[in-house]
*Asks:* 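Sharing a structure with you now.
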Amino acid sequence: MGATLAQQAVPRDTGVFEFLLDPDRWTGSTGILASGADSVLLCAAVIVTSIVLAVPAATVLAHGRRLELTSAWVVNIGRAMPTFGVAGLLVPFSLRAGYGFEPWPIFIALTLLTVPPMYLSTYTAIRQVPAGAVDAARAVGYTERDVLLRVELPLALRVIGTGVRVAAVQVVATEPIRAFLGGDGLGRYVRDGLGQNNSNLVIAGAILIGLLAASTGLLFAGLEWLLMPAGVRRLGGARTGRVQSSDATILTTDDGDGEAAGGPPGLHVASEPAEAGASSGGVRGSP
Amino acid sequence: MSDESPPALRLKGVRKRFPGANQDAVQALDLAIPRGAIVSLIGPSGCGKTTTLRMINRLIEPTGGRIELEGTDVTDVDATELRRGIGYVIQQVGLFPHRTIGANIGTVPRALGWDKRRIAERTDELVDLVGLERDMLPRYPDQLSGGQQQRVGVARALAADPPVLLMDEPFGAVDPIVRGRLQDELLALQERVHKTIVLVTHDLDEALKLSDRIALLNVGGVLEQFASPDELLRAPASSFVERFIGGGRSMRRLGLTTLAAVTPHRGSVVSVDATPQQARAAMDEFRTDWVGLTDDDDRFLGWVARASVADGVALDTLERHEPAATVTPDDTLATALETIMNSRTLVAVVREGERFLGVVTLEQIHAELGALRDAGDAAA
């Protein structure tokens, strides 16, 4: 890797779509596909690393109700962390240690960006599991491990999934800054466009980055749906089962329950098709 | 329950101090809970009733003292094993929202490694026992009403047929009407399953209605009185107990006595085949202006006014009025009083199904209350 300095300038009169629809721009070592693969590879590495670092730790700590203050603290630090600054700061160290411009500085900076929100959403997800269910699980003789694996984790899965998805989208949307730190990836078109004073190229790059981020969101939403056990999938607002009971109060308490199971509303950043379908179903079902 | 058999559950000097607290939440509590009895723990907030309950299945570990379940110290048993042998019902029900009703009920049997057929059979049995429909089994908890969920909670607690059932304000989260029904169901259920039930409640009326014995705790887990509901009302052991029970002791005692326990009283009621003279004699005897008629099968036909009774006119040709107040022998004196007051009459007809058993009048209730009070004074 490393910036390809020998790239030819894109003529300024090339239109945005003319650029994007030209097959020659997609192929080759500096083509869109190669740059996209570069981005995807780095993002995947960051997301997987962040999940491994954040989710198990947050799950276990939240289960034991431990380090609550530390958790808030970590998250606040994370929020204040300037990713670009951190990456820039790491570059000289990386160079001195012989690791080059890429990919360690940007990898570390992006991981630092991702871990705190993932950690927070997982911690919150476990904590918002109905206390009664956890209490009852202990009372029927579940071991602590069973309480965590068979009650807390399944009931938190939805919110954890949302947290991972939001963080993943954030990684993909932030990753292009590597192009300004001696790297490539899809950010190169924005950088090159700025360098060549070619706004069409900047816009084309932005579109590509946006598409990748949006696809990431969709991909993770799909994964969530596939990996979720049936009993969990229907929770969190997705109420596929028709309310058959004669008791009409169920309909009135529906929203409240959905909220409780779906976690803090703030964490539902992207709205899912499943939710929309369910709420319209609810309207049909009410008398 | 017999006094000779050892108690199912015995607390000996049980103490709990939470970390960081400078006072015991429960200090030296002794309690013997008879087998097959419903015992309520009741008291003001901070009296340690829930703490005590949770120490029994070691959701909270006692700081000192001994808790014996069927003679065995609970701390000698593995907590997981212990809990599988004790049913537990909580206020928030605590059903697993991601599992079907069937899976919820089968939680403990599954943990115990029963085979699928046996679990399914047991689940069906329990659903019938707690009065739910079998077609609810594949549904999820949020598709049930609060009362139905609470029944599932009870079914789950009973799944492995534990001898002891702990209930922490089990009916606290449902509305009063459903609560009353669930209480009746619990009593009917207990008739069949004969569990040893320890119940935490803050509702005195619930404790009075459900319990064989009530343990009234003061702040810090001090046992103020451990007595039957009637004794608690009749002879409060301390001024604290008296204050806790508050006013309305007489009314509450009426609520503990069922009509079945009161001497039946035929009142001014005659057979429809009786003569007008006999009808008048009955009204005179009871100083009323109404006479009730029953048929050969002892069915109550209605009330007839004195003014319409005339010599030579058969009673069954007279205009009859449906009784405004009817009660059953299972109703309490308090219910009878309430029914009579609401009907704006002075008498309620006691019927079991179709069968006429007698009448209950305001005077009678008054007399019963006097008898209760006299018995109380004698005991005190």
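Quick note on labels: first sequence line is chain A, next is B, and so on, each numbered from 1.
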*Asks:* At a heavy-atom distance under 4.5 Å, which candidate from B:Gln91, B:Arg58, B:Arg54, B:Glu81 has the highest pair count against chain A?
*Replies:*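 The candidate making the most pairs under 4.5 Å is B:Arg54.
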*Asks:* Who wins among B:Asn57, B:Leu59, B:Val89 for the most heavy-atom pairs under 4.5 Å with chain A?
*Replies:*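 Greatest number of close heavy-atom pairs with chain A: B:Leu59.
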*Asks:* Would you call A:Asp146-A:Arg138 a salt bridge at under 4.0 Å N-O?
*Replies:*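 No, this pair does not count.
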*Asks:* Which atoms of B:Ile86 come close to chain A, meaning under 4.5 Å heavy atom to heavy atom: side chain ones, backbone ones, both, or neither?
*Replies:*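 Only the backbone of B:Ile86 comes within 4.5 Å of chain A.
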*Asks:* Select one option (side chain, backbone, both, neither) describing which atoms of B:Arg84 are under 4.5 Å from chain A's heavy atoms.
*Replies:*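 For B:Arg84, the contact with chain A is made by backbone and side chain together.
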*Asks:* Output the option from B:Gly87, B:Ala79, B:Pro97 having the highest count of non-hydrogen pairs under 4.5 Å with chain A.
*Replies:*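 Greatest number of close heavy-atom pairs with chain A: B:Pro97.
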*Asks:* Do NZ/NE/NH1/NH2 and the carboxylate oxygens of A:Glu224 and A:Arg158 come within less than 4.0 Å?
*Replies:*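 Here A:Glu224 does not pair with A:Arg158 in a salt bridge, since their nearest N and O are not under 4.0 Å apart.
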*Asks:* For B:Leu95, is it the side chain, the backbone, both, or neither that has a heavy atom closer than 4.5 Å to a heavy atom of chain A?
*Replies:*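 Looking at B:Leu95, just its backbone touches chain A.
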*Asks:* Considering only NZ, NE, NH1 and NH2 on the basic side and carboxylate oxygens on the acidic side, decide whether B:Glu185 and B:Arg151 come within less than 4.0 Å.
*Replies:*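 Salt bridge flag = yes for B:Arg151 with B:Glu185.
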*Asks:* With rounding to the nearest 0.5 Å, note down the distance linking CD1 in B:Ile101 to CE in B:Met136.
*Replies:*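 So the CD1 of B:Ile101 and the CE of B:Met136 are separated by 8.5 Å.
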*Asks:* May I ask you to say whether B:Asp168 pairs ionically with B:Lys49, meaning some side-chain N is under 4.0 Å from a carboxylate O?
*Replies:*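 Salt bridge: no.
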